[in-house]
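The structure appears below as C-alpha cells.
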Amino acid sequence: MRVQTNQSVCEWKGEKPQPPRPQSKVGIALSTIGKQPINGLRHNPTDTTNGWYIWCGNELSEDPAFFSPLHVEHLPDRLPEVLEYLELPPGYRFLIDSANYEDVWFDPSLLEA
C-alpha cells in the first residue's frame with residue numbers, strides 16, 4: 001500500500017510526528033548505498049543519536065562496523081529517499097524500493113532495552 005501523496009507517512013500511519021533532533025546521528029550502512037531495498041528501523045533516541053538505523057539491500061550485518069554515524073543533516077546528500085520516514089516515532093520500521101514498493105510497520109521489539 002502506497003501512502004497518498006497528500007498525506008505524510010505519519011498521517012498515513014496515524015502517528016504524531018517525532019522528527020529527529022538537529023545534529024543528532026543516524027546509524028547508516030554507507031557501504032550498502034545503491035542497493036535495493038532500503039531498510040530503516042528506529043530505536044529510542046539517546047543523547048547523541050536519534051534511534052534510526054538505515055541500510056540498503058537484503059542483508060543486515062551483525063558486524064559492529066556495519067553502521068557508521070552520520071548527522072541527520074547529511075542524509076539529503078546520501079539517501080534522500082528516506083527523509084519522509086524520519087518523523088516516524090521509535091518502534092517503527094520501513095522498507096522501500098525504486099519500484100514504488102513501500103511497507104511501514106510498528107515493531108514493539110525495537111523499544112525493548
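As the structure is a prediction and not an experimental result, all values here were calculated from the model.
Shown here for Gln18 and Pro90, the closest heavy-atom pair between the two residues is OE1-CD, 3.2 Å. Smallest separation of non-hydrogen atoms from Tyr101 and Asp97: N-OD1, 3.0 Å. Across all their heavy atoms, Leu41 and Arg93 have their closest contact at CD2-NH1, 3.6 Å. Summarising the geometry of Lys25 relative to His71, their closest heavy-atom pair is CE-NE2, 3.7 Å, with the distance given to 0.1 Å. Nearest heavy-atom pair across Arg21 and Thr46 is NH2-O, 2.9 Å. Of all non-hydrogen atoms in Thr49 and Ser24, the two that sit nearest each other are C-CB, 4.2 Å.
The distance from atom CG of Leu111 to atom OH of Tyr92, rounded to the nearest 0.5 Å, is 10.5 Å. Rounding to the nearest 0.5 angstrom, the gap separating the OG atom in Ser8 from the CD atom in Glu84 is 9.0 Å. One distance of note links CG of Leu70 with CG of Leu30; it measures 6.0 Å at 0.5 Å rounding. The line from CD1 of Ile33 to SG of Cys56 is 6.0 Å long, rounded to the nearest 0.5 Å. Going from atom CZ of Arg42 over to atom CZ of Phe94 covers 11.0 Å, rounded to the nearest 0.5 Å. Expressed to the nearest 0.5 Å, how far OG1 of Thr32 lies from CH2 of Trp55 amounts to 9.5 Å.
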Run the numbers on Asn50 and Val72 for side-chain contact (heavy atoms from CB on, under 4.5 Å), then give the verdict. CA-CA 8 Å; Asn50 56 41; Val72 69; 4.0 Å; yes

Give the intermediate values and the outcome of side-chain contact (heavy atoms from CB on, under 4.5 Å) for residues Cys10 and Leu88. CA-CA 6 Å; Cys10 286; Leu88 286 165; 4.1 Å; yes

Under the side-chain contact (heavy atoms from CB on, under 4.5 Å) rule, what do Gln36 and Ile96 come out as? Steps first, then yes or no, please. CA-CA 8 Å; Gln36 293 289 320; Ile96 58 175; over 6 Å; no

Evaluate the criterion side-chain contact (heavy atoms from CB on, under 4.5 Å) for residue pair Ile54 and Leu86; output intermediate values, then yes/no. CA-CA 10 Å; Ile54 300 168; Leu86 297 183; 4.2 Å; yes

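Defined by atom type and a distance below 3.5 Å, a donor-acceptor pair is present between the side-chain atoms of Tyr85 and Glu102.
Note on Val9: it clusters hydrophobically with Val26, by side-chain heavy-atom contacts below 4.5 Å among ILVMFWY residues. Following chains of ILVMFWY side-chain contacts shorter than 4.5 Å, one cannot reach Leu60 starting from Val104, and the two form parts of different hydrophobic clusters. Hydrophobic clustering keeps Tyr53 apart from Leu83 (ILVMFWY residues linked when any side-chain heavy atoms are closer than 4.5 Å, directly or through intermediates).
By the 4.5 Å heavy-atom criterion applied to side chains, Phe66 and Pro64 are not counted as neighbours.
Aromatic rings of Phe67 and Trp52 (six-membered ring for Trp) have centroids beyond the 6.0 Å cut-off, not under it.
Residue-environment remark: CD (Glu81) exceeds the threshold of 12 foreign heavy atoms within 6.0 Å. Counting heavy atoms of neighbouring residues, nucleotides and ligands inside a 6.0 Å radius, atom CZ of Arg78 does not exceed 12 of them.
Of the possible polar contacts, none joining the Asn44 side chain to the Gly51 backbone as a donor-acceptor pair under 3.5 Å is found. The main-chain N or O of Leu110 is found under 3.5 Å from a side-chain atom of His43 such that the two form a donor-acceptor pair.
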